Amino acid sequence: MRRYLVKKLLTLLILLFLVSIIVHSVLFILPGDPAHIMLGIDATPETLATLRAELGLDKSPWAQYTEWMGNLLTGRGSQSIHYQVPTHDLILPRLAVTGPLALLAMVLAVAISIPLGTYASCHQNRPGDVGVMFFTQLGLATPAFWLGILLILVFAVHWGVLPAGGFPGWSVDFWGSVKALLLPSFALGIIQASILTRVTRSSMLDVLREDYVRTARAKGLKERIVIYVHALRNALIPVLTILGLQLGQLIAGSIIIENVFFLPGLGRLVFLAVGMRDLPVVRDIVLFMAAAVVIINFIVDLAYGFLDPRIRLE
Amino acid sequence: MRAKELSKRLVGTWLVLLLAVSLIATGCPRPVEQVPEPEKAVPVRGGSLVVALPAEPPILDPTASPATAVDAVVYQNVIEGLLRVNREGEILPALATEWHVSPDGRVYTFHLRRGVKFHNGEPFNAQVAKWNIERAKMEGTKNPRPDQFRIIERIDTPDDYTLILTLEEPNALFLRWVAGEGHWGMLPMKGYEKAATEPIGTGPFKFVRWVRGDRVELTRFEGYWNPELPYLDKVTMRFIPDPAAQVAALKAGEVDVVAYLLAPELAVGLMDDERFNVLIGTSTTEVIVATNNKAEPFDCKLVRQAMAHAIDRQALIDMAQFGFGTPMGSHWQPGAPYYVDLTGIHPYNPERARELLAEAGYPDGFETTLQLPYAYAYTVSAGEVVADMLAKVGIDVEISLVDWGFWLERIFFGKEYELTIIGHAASWDIGIYANPDYYFQYDSQEFRDAYAKALKAPTEAERAKWFGRAQEIIARDAVNIFLYSAANITLSKAAVNGLWENYVTPMFDVTEVWWWSEYPRR
């Protein structure tokens, strides 16, 4: 176990190093000067030069990279060009929106897909199964932003039961904040739910044909026990793999959904920061997200062992 | 079986959703609230207002950032200047009650308002005004337009309420700058350091809180120098970039006003809805097909004139902007002072365009690239129509969408382009044609002379003559294809009064906004 952890940690560090080099280079190759974007078309050469020196943009790419790493490792952090505050002051409050949003979307997706997928597999090729497959096909084909707008029209504009967007803040209004996340997490979660339903269904169909399921039925166990204790648990391993991969997609999806619901989250911040060429913010968010994805996959690895004791951590 | 039941319930939820979708598709009507007659309107005090703005400012100090998003939130609402403009663009007193200009046009004397206090209690006087101007002039200033302050040769303060500014030479636009631009805002000498995050001014509203990524909250300043104003108790500016989301928030009742709507098609949908007002005003934004006057074949005047003839401006406005906007013939806002209607110089005439192209040596037309900054959706919708119209006279246009950072670096500063579309939002900006290094690369001594004469003109009649002449020179030279002056679209609940229809200068002034008393206050 310890060897496994050390190996994982080393992989994480090497990966983060590579990501940091790549994101830094990409931002330098990308045309667009943050000073130009900040000052706009009225900029005078004098104000441009002053700003560039102030932001440290006049230094070489390599010097800027080592400065970034140095600040990161000593815990000083960098300063946002656009907002002129430390990047962690921007990232942390927004994580408090995007984190719960992604988590809620995931919980919704799991809560919808596992029962639906199980139901479909138990009624293979019967009307219930066909209906579920139809809706998952619909869910897969629906763009998240369009579903978001539709949900706003129904629940905010027409019925007025949920907010059309915005985020009051956890400390200001807790339940209001939860309500603000319901529609966006549903819009975000429905595609994942569709994929997971299909994966659950096909995985269940495979498992239900296994000998031990027949044995379980033959020894007179209740159908509920057969499905939930014997079949579902074994069918969940591919579901878990997809789930881990989907979290990365959820973060990407949050960029669009946060714009539709004007949530002050990480997705909107990174979208704005790329447009403004706010290099320190983009770099730090990308690095953070890379770390998050690696850690999530690590947790998924651990969960395999929990679901199937035969899988040992090497 | 429990799983079965749960699954059934979930299928049921789906059905409800589907039903809901079909409901909005059929459009269930809502009771329409009665709107009182506007003639009986007497402003009512109190209430709060939520405004949706499309862009969040990076900081809140207009004297340290060129972003118009800063001015939209704070200028006039929180921070005021010596003068201000009214809804027609005329100059009015603000922190200065009177002003005189010497006959030679160099010495400006401002008499300052007495008893004005900043939100933190500091008094406003001539010393403070002088300090603000010196701060903007100094080396390493963060002010976005130090050039506007550096033409001031001397600042005198004979007493606490008189400020005398002596310019190096006369400048017809000086008062326009003082009145219309947020970087002329007056900050207090002690409270200014934190203005980037906690702005302090003399305005009718005090800054309360900025929740980054979401909103800025303002509250009524009890010590405002005009005891009649403001009418509202509380103002919240929310930042909602997506036009569809802005309109949804308005319909859901979460915002009361949508400022600077950039999707005209959404305004059309609200025009017949009695619950909302749709205000269509003018703006200072001139949308043009910017042309590289040094790139072949656009270095040939005949080619540029041919392109000007090839565009049916009204049809373009109808197709790309749903009819909102005014055709232009030169780089000047229609209806603004000194405006000359030059739309007749190069009217829509594809026949003439082909003749001119043949005369220029391109009887079969040519190929070119039109680069559009997709961050501004109007450039894309206008660009598609322009490309189609140019194709009809034989110019084969390839459209290329570019990111804003790319546009600024390669097109605006690098001048590596042939054609692009952009809206020039600054008011009184015809002076950009006097700079041969500007991205149009237009070099005309005749224009520079006319513009210089306009700036130095001592009388209004002289100014009108030379500004008119300047407009005519660039129109005849067809420097760019002048398309249209953009409309300023504001949406609001029907009970909101006193909003500005026209975009006169970058700001969203809510000082005189009030609610009909019949409506519940928020």
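Reckoned from all heavy atoms, side chains included, excluding hydrogens, waters and symmetry mates. Just so we're on the same page: letters track the sequence lines, and every chain starts at 1. Since this is a predicted model, take the numbers as computed values, not measurements.
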Less than 4.0 angstrom from a charged side-chain N to a carboxylate O is my criterion; do B:Asp242 and A:Arg268 meet it?
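Salt bridge flag = no for A:Arg268 with B:Asp242.
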Restricting to non-hydrogen atoms, name the atom on [X] and the atom on [Y] that form the minimum distance, rounded to 0.1 Å.
| X | Y | value |
| --- | --- | --- |
| B:Asp214 | A:Gly166 | OD1-CA, 3.9 Å |
| A:Ala156 | B:Ala252 | O-CB, 3.6 Å |
| B:Ala245 | A:Val260 | CB-O, 3.1 Å |

Report yes or no: does B:Glu254 contribute a side-chain atom to a donor-acceptor pair with the main-chain N or O of A:Ala164 at less than 3.5 Å?
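Looks like yes, one N/O pair under 3.5 Å.
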Roughly how far, to the nearest 0.5 Å, is the [atom2] atom of [Y] from the [atom1] atom of [X]?
| X | Y | atom1 | atom2 | value |
| --- | --- | --- | --- | --- |
| A:Arg277 | B:Trp404 | CZ | CH2 | 12.0 Å |
| A:Phe167 | B:Arg215 | CZ | CZ | 10.0 Å |
| B:Ile240 | A:Asn259 | CD1 | CG | 11.5 Å |
| A:Gln84 | B:Lys142 | CD | NZ | 5.0 Å |
| B:Phe413 | A:Leu48 | CZ | CG | 5.5 Å |
| A:Leu153 | B:Lys251 | CG | NZ | 6.5 Å |

With respect to chain B, which residue among A:Gly275, A:Ser80, A:Pro163 yields the maximal number of heavy-atom pairs within a distance under 4.5 Å?
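Result: the option with the highest number of such pairs is A:Pro163.
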Under 4.5 Å from any heavy atom of chain A, what part of [X] do you find: side chain, backbone, both or neither?
| X | answer |
| --- | --- |
| B:Tyr439 | neither |
| B:Asp403 | side chain |
| B:Arg410 | side chain |
| B:Pro57 | backbone |
| B:Asp429 | neither |

Relative to chain B, which segment of [X] carries a heavy atom at a distance below 4.5 Å: side chain, backbone, both, or neither?
| X | answer |
| --- | --- |
| A:Pro168 | backbone |
| A:Leu90 | side chain |
| A:Ile37 | both |
| A:Val85 | side chain |

Can you classify the ring geometry of B:Trp210 versus A:Tyr83 as parallel (below 30°), tilted (30 to 60°) or perpendicular (above 60°)?
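Tilted.
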More than 12 heavy atoms of other residues, nucleotides or ligands under 6.0 Å from [atom1] of [X]: yes or no?
| X | atom1 | answer |
| --- | --- | --- |
| A:Phe271 | CZ | no |
| A:Phe134 | CZ | no |
| B:Glu193 | CD | yes |

Against chain A, work out which of B:Pro241, B:Ala196, B:Ser65, B:Ala249 has the most heavy-atom pairs shorter than 4.5 Å and name it.
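Most pairs with chain A among the choices: B:Pro241.
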